[in-house]
Amino acid sequence: MEKAWHGLVGDSNPDNKLLSYTTQQDVVQQIKQGIPATFSLTIGASVIWLFFGILVGVIAAVTAGRLSDRAITILALVGISMPVFWLGIVTRYFLAEKNTWFPDGEYVGLTANPVQWAYHLILPWTVLAVLYIGFYGRVLRNNILDTINEDFVRTARAKGLSRREVLTKHVLRNSLIPVVTLFGLDFAGVLGGGAILTEKVFDLHGVGWYAADALDKFDLPPIMGVTLYGAGFIVLLSVLVDLFYAYLDPRIRPT
Amino acid sequence: MGEPATGTEFTLDTAAELAQVEHGAIQGRSPWYLAWRRLRRNYIAFAFLGLFVVIVLACALAPAYASHVAHTGPNANHVLDTITVHGKQVPVVSPGGLINGKLVPSLPIGPQWFNAGGRYLLGADANGRDVAVRLLYGGRNSLVIGIGSALICIVVAVLLSLIAGYFGGWIDFVITRFYDLFYAFPVILLGIALGSALAINGFHHFGITIESGSIWIPTLVISYVLIAYVGRPIRGQILSLREKEFVEAAIAQGARPWRIMVSDLLPNLASSVLVFFTLIIANNIVVEAALSFLGAGVQPPTASWGTLIADGQTLIVTRPWLSLAPGIAIVLTVLSLNVFGDGLRDALDPRAKVRIEH
Amino acid sequence: MADERLLEVRGLKVQFATEDGVVHAVDGVDFALDRGKVLGIVGESGSGKSVTAMTILGLTRDVNTRFEGEVIYKDRNLLDLPENEMQQYRGAEIGMIFQDPMTSLNPVYRVGDQIVEAIQAHEPVDKRKARRRAVELLRQVGIPNPESRVDDYPHQFSGGMRQRAMIAMALSCNPDVLIADEPTTALDVTIQAQIIELIDQLKDDFNSAVILITHDLGVVAEIADDLLVMYAGRVVEHGGKRPLFYDPQHPYTWGLLGSIPRLDRPRSERLHTIEGSPPSLIRLPQGCKFRPRCPHAFEKCLEEPPLENRVETPGHLDRCWLTVEAKRAVRDETIEGGEPAAA
Ligand SMILES: Nc1ncnc2c1ncn2[C@@H]1O[C@H](COP(=O)(O)OP(=O)(O)OP(=O)(O)O)[C@@H](O)[C@H]1O
Ligand SMILES: [Mg+2]
């Protein structure tokens, strides 16, 4: 990383700062400016996708094999199959431009006006969440169906727990452990600039938008800078995920 | 008596349906036969496979459509031309300018459906190019990139994982660290960084030359950034196969490594590789579209579904079909592959959990 | 003291509809269990022992399962109970221990909490009281330092300790019937004996009855009162432990008896396993199900023999057409592991 940095910065730059080719602005500074929008987008979207992903996965698993399960499976696959930027363009066109039910793009600071902040972000949040809802729903459904066949679930039933208790305390609790890992990494990826498409389509001036904007001008340093910034987040979050994982699964906890 | 006392616990009804239709022992049948038997009943999967085949055929016939129906090529500009609609001459791109004291932007013709004798079925873009023709040609490129990159990605990932999983030790260490490196970057950013760098200069190293506009660049970039996502689960599977008796027996008998890899390990990977392949094509088509949309994939004037969406975006309010049509094409293609791949996985039931992202 | 009948199973049949056809997992099982008694169920792998046990507790209920017969527990037919009523019986009236203690406890919860959960499922006691009882139970099943061990996670327990914890959990609500499904199969030989002894002793402490399932006759030899020998989903022989051990009637039982390791024989001869393998439960053979593997089969075996009392001892039932004399003449060779003689 250090070496890559120097390669990018070049020797002629005494401040050791990464500068944009076209605007000569400090890349690190620009990335910092994008962070509030990116964080707002990521945190809101992840709440939505986690909630609905779990809901959808549980419903599908509990009704496995029946119509609702099949419908959810197909819908989840539709969600996964939609390019996020296209979904963004289409929803923006239908809901913010053709009909002006929602504001059209732009980011309003949380501190400036919380209501406007959320109102401006509802569409991007939802669009970004769709893919992950489909994805998490399917992963969780399969995890649950695997867990249901575990011996300890049979033990829980033999104790006389109700179906709901078995499902929430034993099946769901254990099926969610792998989902936590997924979530940590996806969250880090999106926070680290992975929401570039959504940010570009909705004109949210976040970190990803900065990279996309630089890409239009073939301005490489911001792209490299954002990529490294993303890698930093992923590494950081993987450590946190490992710690949290150990909390959830006592088997890998150091004693 | 006889009926279960109460409602259902957690189950799949299909087993019961199957049992009623088909009795008889299945002992001695190959797992492929069993998988086929399960897949055969999955009509939804087959319907979507049919859809995919139709899309592929339509895109393959793009040149025929271009010359016999639309009478124009994918990159031919018709900004100054006119066409006949209902006996009237209409400009392909209305010039715009100051009309009746108002500034009107120039506007390409909208979808003609079949009113213009097959020309401009979905309208024209800002350069007066026939969108239907570009959609089919773009589909060709998107499919070639999607399938090509999936193929390269799978071959490389399987090779690396076979070597890592079989030899273990420091070789395994190096290859898994190589995989880890990829996991540290958001796929899309890595693709952009590579794609944009190559899009500017092309690739001129190791005696290989790829020009900057070539669709080889997105193909290789996409296959490269996804190697780890395919390679990691396959390596895991090889590690568990490596423990199996038949592999240990082959090693004990002094079989050569490549022999063991080809005749013992590879056949056992075949089913998950098949599933991966289907799902990775789907994934790569989306990644191609995303990279092209951002300008780091297929370069203009070459068409692909991603570039078409990007081209149409500026005219979304007046000519929504420019972006809608390629998007729908992507969704249908990717969905058909995902549904079929899902059915395939259910039928083959490999333990591999496909984890890919875009 | 008059025998108090706790459980009676009559004509039990369990079928699973699967992709490959209908599996006749249990195909005619009858037995009765009195308080204070131990019933041993033995049979090879796949003979339907676990399915029988789990059906008693309603754990095999499923859209793809069909049941016939009755499971009478204290005058109620458990097969007819709706799920929410069945729940009251599980754990409280009938406790169950499973084969693999390694996977039968939930790895993410503390052992004590899992026992507390079992107690609170049936009794309105607060957490502290339940926990104190969990500690007491762990002490009773022989876990050293139960006060601190109660907070351990399952992976911190050894296999034998986990099985003890499972037993503690199964007994936590003082059930009248304890079903132990191969409680020792996954354990070391030395631990096996301890666990069996523990079960026997706890049966007296808790004044309950036990169904002990195993595929090893040696395990039940010590503590069982009655024995049930199962093959391909049916009972092939049923009787008191002594008559069954000293005067076994079914060739399949002979095979099982021959497979008990005996120290008085050289190792190579010690394990005389039964030739062949159990039939497919989807397509059962015609007549006696053991016929294809039986060295003494004759024409009559193409008809299914009923489970009847054929010897002098009352209550000793078997399912074999051979005359009692013919059986007694040929069986010693089978049990001793010599070449089986043709009938
Ligand atoms: N849910 C199910 N669906 C289909 N078949 C089943 C199901 N449960 C059990 N079986 C089948 O029923 C048969 C009897 O199984 P069971 O577990 O009762 O055998 P067992 O006597 O307990 O054997 P073991 O000694 O191996 O535990 C087996 O062939 C098994 O495959
Ligand atoms: Mg069993």
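So you know, we letter chains A, B, ... as the sequences are listed, proteins then strands, and number each from 1. Just so it is clear, the values below take in all heavy atoms, side chains as well, and ignore hydrogens, waters and symmetry mates.
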Closest approach of [X] to [Y] (non-hydrogen atoms, all atoms of both residues):
X      : Y      : value
A:A158 : C:M96  : CB-CB, 4.5 Å
A:L248 : C:V108 : O-CG1, 3.7 Å
C:P107 : A:P250 : O-CG, 3.1 Å
C:S104 : A:T155 : O-OG1, 2.7 Å
A:R163 : C:Q87  : N-OE1, 4.2 Å

Using only non-hydrogen atoms and a strict under-4.5 angstrom cutoff, which residues of [range] touch chain A?
range                       : answer
residues 114-122 of chain C : C:Q114, C:E117, C:A118, C:A121, C:H122
residues 170-177 of chain C : none
residues 135-151 of chain C : none

Rounded to the nearest 0.5 Å, how far does [atom2] of [Y] lie from [atom1] of [X]?
X      : Y      : atom1 : atom2 : result
A:R154 : C:L59  : CZ    : CG    : 8.0 Å
C:E83  : A:R157 : CD    : CZ    : 6.5 Å
A:N174 : C:Y109 : CG    : OH    : 7.0 Å

Counting only heavy atoms not in [X], do more than 12 fall under 6.0 Å of its [atom1]?
X      : atom1 : answer
C:D75  : CG    : no
C:K74  : NZ    : yes
A:L243 : CG    : yes
A:F52  : CZ    : no

Requested in this report: With the side chain counted from C-beta on, respond yes when A:K159 and C:M169 share a heavy-atom pair under 4.5 Å apart, and no when they do not.
Outcome: yes

Query - All side-chain contact (heavy atoms from CB on, under 4.5 Å) counterparts of A:V78, not counting sequence neighbours - result: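 Result, side-chain contact (heavy atoms from CB on, under 4.5 Å) vs A:V78: A:I74, A:M82, B:L335.
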
Requested in this report: Tell me, out of C:L105, C:I179, C:N106, C:L57, who's got the most heavy-atom pairs with chain A below 4.5 Å.
Outcome: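 The option with the most such pairs is C:N106.
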
**Report entry** Segment of C:M102 engaging chain A (4.5 angstrom heavy-atom cut-off)
**Finding:** neither

